[in-house]
2 protein chains.
Amino acid sequence: MAKVDTSLVAHLPLFAGVTPEAMDEILREARSARYPKNSAIFEQGADAQSFFLLLHGHVRAAKTTPTGEQIVVRYVAPGETFGLAMAIGAARYPATAMAVDDSVVLIWPNSAWPRLVERFPALAANTLQTVGTRLQESHTRILEMSTQQVEQRIAHALLRLAKQSGKKLDHGIEIDFPISRQDIAQMTGTTLHTVSRILSAWESQGLVESGRQRIILRDPHGIVVLAERSPDSGAA
Amino acid sequence: MAKVDTSLVAHLPLFAGVTPEAMDEILREARSARYPKNSAIFEQGADAQSFFLLLHGHVRAAKTTPTGEQIVVRYVAPGETFGLAMAIGAARYPATAMAVDDSVVLIWPNSAWPRLVERFPALAANTLQTVGTRLQESHTRILEMSTQQVEQRIAHALLRLAKQSGKKLDHGIEIDFPISRQDIAQMTGTTLHTVSRILSAWESQGLVESGRQRIILRDPHGIVVLAERSPDSGAA
DNA sequence: GGCCGGTTTTGCGCTATCGCAAACACCAGG
DNA sequence: CCTGGTGTTTGCGATAGCGCAAAACCGGCC
């Protein structure tokens, strides 16, 4: 089994307050694995047997309805945990995780969690913090879906993606993994058609530049303005 | 300070795995307080100084936008915790909590949390579980808002309220606290007008009976059917 | 270098739902 | 018993965004 370099992950929020020796012990329980682009890491409804820490790449967590519609729960960036089903008391994964880029993850068996938490209570506290933050983000998303129109929701979604996984360019910010109109629609509760229309409009205003599964925010500040615009103060 | 009876709260999920002596110690750090109907317990944005456990009554947690719109994050039922801002690493309350009925709560100062968690690690684990469950519920809500129409969302919302806080009647289930059309609108991302129209329609079909801040599900199963109906399979 | 499949764009009608406004009902208080 | 006020019902446009369908595009692969 590949040895994981402690220094690469010790600074992550998950391990705040954990000593280097403890890190060794924690990492000894993990194995690492590589998932190629577009491969599934786990499926919604499957027995939750492991939890994960993303080292490289990007992972999309999506939830599917009985009728087949999907929403994107979130995009996982390097350094973030995912698949914490058992930590929160679920026997099955509530969503599907798929690598949207070639990705490398650390994998712990669920059985290790109770032992780790007992030896390193900071892990539970850190995880609680993380999950709490995600809960708040979910509430914010609900608030947006309830009170804002599609254009504003898309603006917020892109800004968040840019902050989380944006690559600074000379002029603008590029979202650093492949993302389609459909994906954005599934993040904002709309359809790919509407997303396409809005991005086209933005492109003609010089706010963004985009193509096949690729988006560059050319005028982030202009998009912030859009995002905060009240529903009626529309354009001419 | 009023002494809290251990036996009343020891069975709650929050205290799973905590010994009776430990319970004493935990409860010694709390005080209890009574909030009359329609009084605020804490306000969104205020310094988070305490966390809460609801003993009696019902509390509404709501989030407000800069422009004044509100959504209901959740209704808190007896036995549930709320205002856990600090446990999840927030310095300020992300929502406003208001008693919708005369309510009694236990209050711990935030400063007690680190100490309690250190002495009773089960608390952190239990809280993680709770927060995780709420996170999943939030995702479900986002999924519903993204994929279902208003009527189905209202159906789901009422069914959840009935499960959480329903009082069984001879014929039907009554939601056991005052709730307005506006409240339901704020739970489902619609307007009180639309809620009113839909409830009126349901009433004429004998599915519900409702009045001023009062709702009785007369045919819960019929509402389940509505909730699960696919978007197009509409009525005649 | 041409072909294939997924992605994006765009037109067009449709409708669920909003938004406003007015009329009502009901409970609480005096 | 009357009255004020909050919550509810309902009518009637207005419209944002959906849904379908078709065409254009783009990139990688053979």
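Residue numbers start from 1 in every chain, and the chains themselves are labelled A, B, ... in the order their sequence lines are given, proteins ahead of strands.
Atom CG of A:L192 is separated from atom P of C:dG6 by 14 Å (rounded to the nearest Å). C:dG6 atom C1' lies 12 Å from atom NZ of A:K37, rounded to whole Å. As rounded to whole Å, 15 Å separates atom P of C:dT8 from atom CD1 of A:I198. Rounded to whole Å, atom C1' of D:dG17 lies 17 Å from atom CD of A:Q186. Between the CD atom of A:E151 and the P atom of D:dC18 there is a distance of 13 Å, given to the nearest Å. In this structure, CD1 of A:I179 is placed 16 Å from C1' of C:dG6, rounded to the nearest angstrom. Rounded to whole angstrom, the span from the CD atom of B:E209 across to the P atom of D:dT8 amounts to 15 Å. Rounded to whole Å, atom P of D:dG5 lies 17 Å from atom CD of B:Q213.
At a threshold of 4.0 Å, the pair B:E80-B:R134 does not count as salt-bridged, since none of the basic side-chain nitrogens sits closer than that to a carboxylate oxygen. In summary, B:R153 and B:E144 do not engage in a salt bridge, as defined by a charged side-chain N under 4.0 Å from a carboxylate O.
Residue A:T194 places no side-chain N or O under 4.0 Å from the OP1 or OP2 atom of D:dG17. For A:S200 and C:dT10, the shortest distance from a side-chain N or O to OP1 or OP2 is below 4.0 Å. Look at B:Q149 and you'll find a side-chain N or O under 4.0 angstrom from OP1 or OP2 of C:dT17. Here A:T191 does not reach the OP1 or OP2 of D:dG19: none of its side-chain N or O atoms lies under 4.0 Å away. Within the 4.0 Å cut-off from OP1 or OP2 of C:dT9, at least one side-chain nitrogen or oxygen of A:S196 is found.
Along DNA chain D, the nucleotide closest to A:R214 and the one closest to A:R153 are compared, and the more 5′ of them pairs with A:R153. Taking the nucleotide of DNA chain C with the nearest heavy atom to each of B:V150 and A:E203, the more 5' of the two is matched to A:E203.
Looking at heavy-atom distances under 4.0 Å, B:S180 makes contact with sugar-phosphate atoms alone, never a base. Across all strands, B:R181 comes closer than 4.0 Å only to sugar-phosphate atoms, never to a base (heavy-atom distances).
Side chains of B:T190 and B:T188: a donor-acceptor N/O pair is absent below 3.5 angstrom, by distance only. Side-chain atoms of B:Q182 and B:S180 include no donor-acceptor pair closer than 3.5 Å. Side chains of B:S138 and A:R141: a donor-acceptor N/O pair is absent below 3.5 angstrom, by distance only.
For B:H193 and C:dT17, a side-chain-to-base donor-acceptor distance below 3.5 Å is absent, hydrogens and geometry of angles not being considered. Taking only distance into account, the side chain of A:R197 meets the base of D:dG19 through a donor-acceptor pair shorter than 3.5 Å.
Ranking C:dG5, D:dT9, C:dT9 by closeness to the B:S210 side chain, first place goes to D:dT9.
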